[in-house]
Amino acid sequence: MRLSYCQDTTPADWLVGSDTPAEQLITFGPSGFEAFARLRFIPDPTRPGQQEADADVPDDHPTDIAQTRRALRLLAPFTSTPDECYFCLWEGYADAPLPPEVQHGRLVELPHRRYALLRGSLADIDAWEADLGGGQNIAPPAFVWPADHSWCFASDVDPHWAGIGAERAAVDALVGDPRLDVVPARPADPQPWYR
């Protein structure tokens with residue numbers, strides 16, 4: 001396994017101690033970034049009450065983890081610590097169970113969520129499935145951030161998108177990438193949700 005489990009969860013203290021409202025924290029990360037965006041894994045709902053299964057998604061649509069990889073690669077130049085990054089794995093993912101060494105270890109605790117904290121380089125996202133044994137449809141990390149806290153990627157289990165906080169140039173790079181569906185966002189505003 002390229003990523004290593006952190007018994008010491010203090011690198012996540014900036015999340016745990018954040019005064020950002022709980023729902024906003026788990027979907028966008030801490031407040032205070034210059035700009036925010038949503039990486040839409042599938043398009044936003046087009047009508048009230050629409051279910052995710054009714055979204056118009058082509059058969060060759062990239063997986064959530066493939067889209068996450070692309071976004072993280074675009075964020076790499078916007079940190080001074082790409083070789084020291086942290087990844088949170090939500091304990092509730094059925095397709096990515098916690099590694100054996102984590103099952104009785106310390107977890108990062110946020111409102112309504114608990115996560116295993118893993119450490120590695122940003123490039124280790126390329127081995128996410130191999131390291132966690134979840135197969136091709138494995139969920140992305142719940143959080144990714146570099147040690148310098150220059151940005152935060154948050155992918156909660158409930159929404160159809162991931163929230164990203166960063167400097168404006170990083171968000172502009174994400175929004176401008178034609179292979180990703182990224183839109184600017186205001187975390188305090190109501191966000192689109194499927195039923």
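Heavy-atom basis, side chains included; hydrogens, waters and symmetry copies ignored.
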Exercise for the section: Please check if F78 and V144 belong to a single hydrophobic cluster, counting links between Ile, Leu, Val, Met, Phe, Trp and Tyr side chain heavy atoms closer than 4.5 Å. Expected result: yes
Handout entry: Under 3.5 Å donor-acceptor, Q67 side chain and P62 backbone
Key = yes
Practice task
Taking the side chain as every heavy atom from C-beta outward, state whether I65 and P141 have any pair of such atoms under 4.5 Å apart.
Solution key: yes
Handout entry: Atom pair NE2 (H61) and CG (D56), whose distance is rounded to the nearest 0.5 Å
Key = 10.5 Å
Handout entry: Distance, nearest 0.5 Å, that separates SG of C6 from CZ of F87
Key = 10.5 Å
Practice task
Quick one: sort the H149 and W14 rings into parallel, tilted or perpendicular, breaks at 30° and 60°.
Solution key: parallel
Problem - Residues R195, D54: salt bridge by 4.0 Å N-O rule - result: no
Practice task
Of all the heavy-atom pairs spanning G29 and A154, show the shortest one and how long it is.
Solution key: N-CB, 3.8 Å
Practice task
Decide yes or no on side-chain contact (heavy atoms from CB on, under 4.5 Å) for R106 and Y5, but give the supporting numbers first.
Solution key: CA-CA 10 Å; R106 292 195 57 200; Y5 168 59; 4.2 Å; yes
Handout entry: W90 six-ring centre to R113 NZ/CZ under 6.0 Å and within 45° of normal
Key = yes
Handout entry: NZ/NE/NH1/NH2 to OD/OE distance under 4.0 Å, D8 and R119
Key = no
Handout entry: Trace of the side-chain contact (heavy atoms from CB on, under 4.5 Å) decision for F41 with D181
Key = CA-CA 7 Å; F41 295 127; D181 181 7; over 6 Å; no
Exercise for the section: Kindly work out whether a path of hydrophobic side-chain contacts (I/L/V/M/F/W/Y, heavy atoms less than 4.5 Å apart) joins L25 to V16. Expected result: yes
Exercise for the section: Look at atom CG of D13 and say whether more than 12 heavy atoms of other residues, nucleotides or ligands are closer to it than 6.0 Å. Expected result: yes
Problem - Whether D124 side chain and S121 backbone form a donor-acceptor pair below 3.5 Å - result: yes
Practice task
Look at the side-chain heavy atoms of Ile, Leu, Val, Met, Phe, Trp and Tyr, link any pair under 4.5 Å apart, and say whether V182 and V57 land in one connected group.
Solution key: no
Handout entry: All ring-ring contact (aromatic ring centres under 6.0 Å, His included) counterparts of Y86, not counting sequence neighbours
Key = W145
Handout entry: Validation row: F36, D189 side chains within 4.5 angstrom (heavy atoms)
Key = no
Handout entry: Sole candidate of T9, L110, L107 that passes side chain to side chain contact (heavy atoms under 4.5 Å, CB included) when paired with Y115
Key = L110
Problem - Sidechain-backbone polar pair: W151 side chain, L75 backbone, donor-acceptor under 3.5 Å - result: yes
Handout entry: D131 and R2: CA distance, side-chain angles, deciding distance, salt bridge (charged side-chain N to carboxylate O under 4.0 Å, His left out) verdict
Key = CA-CA 7 Å; D131 280 354; R2 286 149 280 261; 3.0 Å; yes
Handout entry: Test of ring centre spacing under 6.0 Å for Y194 and W161
Key = no
Exercise for the section: Locate the shortest heavy-atom distance separating Q24 from S31; write the atom from each residue and the value. Expected result: NE2-CB, 4.1 Å
Handout entry: Spatial distance of atom CG (L122) from atom CD (E84) [nearest 0.5 Å]
Key = 12.0 Å
Handout entry: Side-chain (E91) to main-chain (R114) donor-acceptor, under 3.5 angstrom
Key = no
Exercise for the section: Using a cut-off of 6.0 Å, state whether more than 12 heavy atoms not belonging to Q191 lie near its atom CD. Expected result: yes
Problem - Reported CZ-to-CG distance for the pair R69 and D64, which is rounded to 0.5 angstrom - result: 11.5 Å
Exercise for the section: Establish whether V175 and L39 are linked, either directly or via other cluster members, by ILVMFWY side-chain heavy-atom contacts under 4.5 Å. Expected result: yes
Problem - Short side-chain to backbone donor-acceptor contact, T81 and D148, under 3.5 Å - result: yes
Practice task
Could you grab the distance from atom CD1 of I26 to atom CG of D158, nearest 0.5 Å is fine?
Solution key: 7.0 Å
Practice task
Mind checking the CG-CD1 spacing from L72 to I125? Nearest 0.5 Å is all I need.
Solution key: 5.5 Å
Problem - Any donor-acceptor pair under 3.5 Å from T79 side chain to S150 backbone - result: no
Exercise for the section: Mind running side-chain contact (heavy atoms from CB on, under 4.5 Å) on L3 and L132 for me, showing each step along the way? Expected result: CA-CA 9 Å; L3 295 168; L132 299 176; 5.7 Å; no
Exercise for the section: Establish whether L89 and V157 are linked, either directly or via other cluster members, by ILVMFWY side-chain heavy-atom contacts under 4.5 Å. Expected result: yes
